[in-house]
Protein chains: 2
Amino acid sequence: MNTYCKFETALDILIGKWKPVILLRLLNHGTMRFSELQKSIPDITKKMLTQQLRELEYHDIVHREVYKEIPPRVEYSITDYGQRMTPLLQAMNDWGVNHIAHLQELYGEEQVE
Amino acid sequence: MNTYCKFETALDILIGKWKPVILLRLLNHGTMRFSELQKSIPDITKKMLTQQLRELEYHDIVHREVYKEIPPRVEYSITDYGQRMTPLLQAMNDWGVNHIAHLQELYGEEQVE
DNA sequence: AAACGTAGTATCGAAAAATATACCTTAAGC
DNA sequence: GCTTAAGGTATATTTTTCGATACTACGTTT
């Protein structure tokens, strides 16, 4: 009854069209400013980028540093707490890679979705 | 560029209002027939239950055993392959539990969502 | 004084996904 | 001819997500 009840919490902060991409960018890139992120993610709108970053910030995964300059500069990075999430991401990734292979074994080369 | 690219695969088979609950039931309970599952999950409709079970079956997480009887009997269980997913679920759960505590540290006792 | 650049916000609405509702089937047993 | 178990199907509704557009603020540059 009480095992695995909260794994949805981990899901919550990862789902969505953009959160994974944003996370990947910041993990591989270190600190990035808003416009860099936007340029590096094709088709994302400011609104989506802002929205997703705020959610990640709320969860203490992403740090937002505002520089009081004109024109404004805002830099984003993964927090220390966020870094501690990488083993989980790695585990999920490993499982995913393996699962894709598993599906191909089961269903052959047809597109596996 | 190529690290953590597939962790969305793991997400995919877990998201949804019902998949986690169904998984939990089957993990804790072993084999269950359709009607047992339905009774044990308040408010789920047949259609939703069927739909989710089929998806889990496609991913080889859940096994579906049909007994050719009248009235029909169909039993569901976690496959061996599905069992091998439990460490990941456990890891996600642990992270989730910890994260909830982390949020409460940050934001206090107000409802944390 | 008008335009520029950055990092947004605000609002509306379309599109997509998730979920619900209602009704149909099958074949044995009472 | 009604019930039962495990669905199927078709339609409807709700919810969530995503996108398009316009607008703001502020100092600097032209």
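All chains are named by letter (A, B, ...) in the order of the sequence lines, taking the proteins before the strands, and each is independently numbered beginning at 1. Only a predicted model underlies this, so the values are computations on that prediction, with no experimental measurement involved.
Atom CG in Leu49(A) sits roughly 14 Å away from atom C1' in dG19(D) (whole-Å rounding). Atom CG in Leu53(B) sits about 8 Å away from atom P in dG7(D), given to the nearest Å. In this structure, Glu36(A) places its CD atom 9 Å from P of dA7(C), rounding to the nearest Å. Distance CD (Gln51(B)) to P (dT21(C)): 15 Å, rounded to an integer number of Å. Atom CD in Glu75(B) sits roughly 13 Å away from atom C1' in dA5(D) (whole-Å rounding). Between the CD1 atom of Ile70(A) and the P atom of dA7(C) there is a distance of 11 Å, given to the nearest Å. Between Ile22(A) atom CD1 and dC18(D) atom P the separation is 10 Å, expressed in whole Å. The interatomic distance linking Lys19(B) (NZ) with dA17(C) (C1') rounds to 12 Å, in whole Å.
Judged by distance alone with a 3.5 Å cut-off, a donor-acceptor contact links the side chain of Lys46(A) to the base of dA7(C).
Nearest heavy-atom pair, Lys19(A) versus Ile13(A), reported as atom, atom and distance to 0.1 Å: CD-O, 3.3 Å.
A continuous path of hydrophobic side-chain contacts links Leu88(B) to Leu14(A) [ILVMFWY only; heavy atoms under 4.5 Å].
Among the nucleotides dA7(C), dT19(C), dA6(D), the one closest to the side chain of Arg33(A) is dA7(C). The side chain of Thr50(A) has dG8(C) as its nearest neighbour among dA7(C), dG8(C), dA20(D). Of the candidate nucleotides dC18(D), dA5(D), dT6(C), dC18(D) has the atom nearest to the side chain of Met48(A).
The aromatic ring centroids of Tyr81(B) and His99(A) lie less than 6.0 Å from each other. Ring-centre distance between Tyr107(A) and His102(A): not below the 6.0 Å cut-off.
Proximity of Arg54(A) to the phosphate of dG8(C): a side-chain N or O atom is located under 4.0 Å from OP1 or OP2. When the side-chain nitrogen and oxygen atoms of Ser35(A) are compared with OP1 and OP2 of dA7(C), one or more of them lie within a distance under 4.0 Å. Tyr76(A) has a side-chain polar atom (N or O) that falls below the 4.0 Å cut-off from OP1 or OP2 of dG8(C). Listed pair Lys17(A) / dG19(D) meets the phosphate criterion, a side-chain N or O lying under 4.0 Å from OP1 or OP2.
Where Lys47(A) and Arg64(A) meet DNA chain C, the nucleotide closest to each residue was compared, and Arg64(A) sits on the side nearer the 5' end. Residue-to-nucleotide proximity on DNA chain D shows that, of Asp43(A) and Pro71(A), the 5′-proximal contact is made by Asp43(A).
Remark: Arg64(B) is not positioned above the aromatic ring of Tyr76(B), lacking an NZ or CZ atom under 6.0 angstrom from the ring centre and at most 45 degrees off the axis.
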